[in-house]
Chemist: 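Sending over a structure as structure tokens; questions will come in a sec.
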Amino acid sequence: MERHPHMRVTDPVIASLVEREEARQFYTAKLIPSENYASTAVLEASATVLTNKYSEGYARKRYYEGQQFIDAIEELAIDRAKALFGADHANVQPYSGSPANLAAYTALIAKKSDNQRILGMGLPHGGHLTHGWKVSVTSRFFSAEQYAVDEQTHLIDFDDVRAKALAFRPAVIVCGASAYPRIIDFARFAEIAAEVGARLVADMAHIAGLVAGGAHPSPVPYADVVTSTSHKTLRGPRGGLILCKAEHARAVDRAVFPGLQGGPHNHTVAALAVALQEADTDDFKRYAHALVANAKAMAEQLLSQGVRLVSGGTDNHLILFDAASLGATGKEAAVAMDKAGLEANANSIPFDPRGPFDPSGVRIGSPALTARGLGPADMVQIANWIVAAVRAREDDTALAGICADVREMMTAYPPPGFEKPWPDPALLDTDRALLDT
Ligand SMILES: *Cc1c(COP(=O)(O)O)cnc(C)c1O
């Protein structure tokens, strides 16, 4: 059967590009730790006529008629989020992780207050743009200060967090990270927040699936507000959600709508409900623990090859390696890996001697490969390919050889969300220029 039969007729150019992207996702080893494979059920929910419906407001308090089914879907998503994470309240409407963070700050910082200050983790130390980094609006709408990791251990420097909190007196402290390979001590953050009279926002965008599966401590007991994406380790649709203590429920809901957003993306809310049910299973618990074991196996193998890892290893789904230990820059390493079918991203490392556009590090992780069913022995093989690819970065023949081996391994582990017949690998070898004909 032809894929996307309708789109192929009405818009063959987009259909062809989508098909090539499907082949790319199928045959490459997805090592980007913020990415994953959503299940077929999640994809089905995302591709429904729910996208046609406007439903500004909240269940039973909408501005448009015709909400009987939308209300039921949103309430199910909320109930499932609360049950899965043990939260008092959930808002499932944020369009993604970044707007969820803006909503959290908006909810917790009173409009008329003199204190519009947030303290977050610096981007080069593993924090996210929306934690108050200088190019983000979060440092324009609020005034922001940033804490760091320790230069020796690469662990969050709680002396620095506390000193900055005492000096800066933020209204909100943000914890959570996009590039931090260790367990986050949410209780310690809560203590510091309490000491300085700040609210605590925990952004679990990267680790929500680990938290759901019991492979990382939960921030829910400690944080006033917990924000997350739904598409990273949680394996849901591209979107966001917010959990909070009962006392902040009204403020959070009002911050999301009408504060920052219009109508919720109902197809995404339905897909999130599906993903939350999938995450509330023993299978998912096994997945969460397996992905940590896989990341550790990959880290061990990289270390044994002399690769320098930020913090010396990993406790979660993510590894940052210093490409200089393989004689390359981060970008050179990531480009070579891409040619070898190993998809990653160049990333700053703490105290990086190189600039943000050409950093020293590469960020990799295990969530997507674990979702495909790869195990620790496969991760050792992947680690060996990473080292070989970076070392052979000038040798396109060697890189093509690794790429063929990667494709063979990926074919043995078809990802969730893909149905037979598998994509034609020849689609990947077609010259891009052919797309225009
Ligand atoms: C990915 C991420 C976000 C932003 O999510 P988007 O969906 O890309 O807006 C926010 N915070 C952290 C820690 C993240 O890793």
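Indexing begins at 1, ligand by ligand and atom by atom, following the structure's order. For reference, positions follow the sequence shown, starting with 1. Predicted model only: the values in this text are computed from it and were never measured.
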Chemist: Any idea which atoms of ligand 1 are less than 4.0 Å away from a heavy-atom of Ala205?
Modeler: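 Once the distances to Ala205 are compared, the set is 2 (C), 11 (N), 12 (C), 13 (C), 14 (C), 15 (O).
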
Chemist: Can you tell me if Asp203 and Ser228 form a side-chain donor-acceptor pair at under 3.5 Å?
Modeler: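 No donor-acceptor contact under 3.5 Å links the two side chains.
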
Chemist: Between Tyr105 and Phe142, is the gap from one ring center to the other below 6.0 Å?
Modeler: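 Tyr105 vs Phe142: aromatic centres under 6.0 Å.
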
Chemist: Just which atoms of ligand 1 are under 4.0 Å from any heavy atom in Asp203?
Modeler: 10 (C), 11 (N), 12 (C), 13 (C)

Chemist: Would you say the ring centroid of Phe284 lies under 6.0 angstrom from that of Tyr287?
Modeler: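 Judged by ring-centre distance (under 6.0 Å), Phe284 and Tyr287 do meet the cut-off.
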
Chemist: Counting C-beta onward and ignoring hydrogens, is there a side-chain heavy-atom pair between Val149 and Met121 closer than 4.5 Å?
Modeler: yes

Chemist: May I ask you to list the atoms of ligand 1 that are less than 4.0 angstrom from any heavy atom of Ser178?
Modeler: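 That gives atoms 12 (C), 13 (C), 14 (C), 15 (O) of ligand 1.
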
Chemist: Heavy atoms only, cut-off 4.0 Å: how does His231 contact ligand 1, side chain, backbone, both, or neither?
Modeler: side chain

Chemist: Does any N or O atom in Thr130 lie less than 3.5 angstrom from one in ligand 1, N or O only?
Modeler: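 Min N/O separation from ligand 1 is not below 3.5 Å for Thr130.
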
Chemist: Answer side chain, backbone, both or neither: which part of Ser34 comes under 4.0 Å from ligand 1, heavy atoms only.
Modeler: neither

Chemist: Carefully, step by step, assess Glu343 and Arg24 under the rule salt bridge (Lys or Arg N to Asp or Glu O under 4.0 Å).
Modeler: CA-CA 10 Å; Glu343 188 187 359; Arg24 198 193 62 76; 3.1 Å; yes

Chemist: Counting only heavy atoms, tell me which of His128, Met204, His131 gets closest to atom 4 (C) of ligand 1.
Modeler: His128

Chemist: Any N or O of Gly97 that comes nearer than 3.5 Å to an N or O of ligand 1?
Modeler: yes

Chemist: Which of the atoms of ligand 1 are close to Lys232, meaning less than 4.0 Å from one of its heavy atoms?
Modeler: 1 (C), 2 (C), 3 (C), 14 (C), 15 (O)

Chemist: Regarding ligand 1, does Thr229 bring an N or O atom to under 3.5 Å of one of the ligand's N or O atoms?
Modeler: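 Checking ligand 1 against Thr229, no N or O pair falls under 3.5 Å apart.
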
Chemist: Show the atoms of ligand 1 that are less than 4.0 angstrom away from any heavy atom in Ala177.
Modeler: 13 (C)

Chemist: Could you please spell out the steps behind the ring-ring contact (aromatic ring centres under 6.0 Å, His included) verdict for His125 and Tyr180?
Modeler: CA-CA 8 Å; His125 293 256; Tyr180 186 70; over 10 Å; no

Chemist: Please write down residue, atom name and distance for the protein heavy atom closest to atom 7 (O) of ligand 1.
Modeler: Ser96 OG, 2.4 Å

Chemist: With a 4.5 Å cut-off on side-chain heavy atoms, are His206 and His317 touching?
Modeler: yes

Chemist: Return the orientation label for the Phe26 and Trp422 ring planes: parallel under 30°, perpendicular over 60°, tilted otherwise.
Modeler: tilted

Chemist: Between Ser98 and ligand 1, which part of the residue brings a heavy atom under 4.0 Å of the ligand: side chain, backbone, both or neither?
Modeler: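 Both backbone and side chain.
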
Chemist: Would you please indicate if the ring centroids of Tyr147 and Phe158 are separated by under 6.0 Å?
Modeler: no

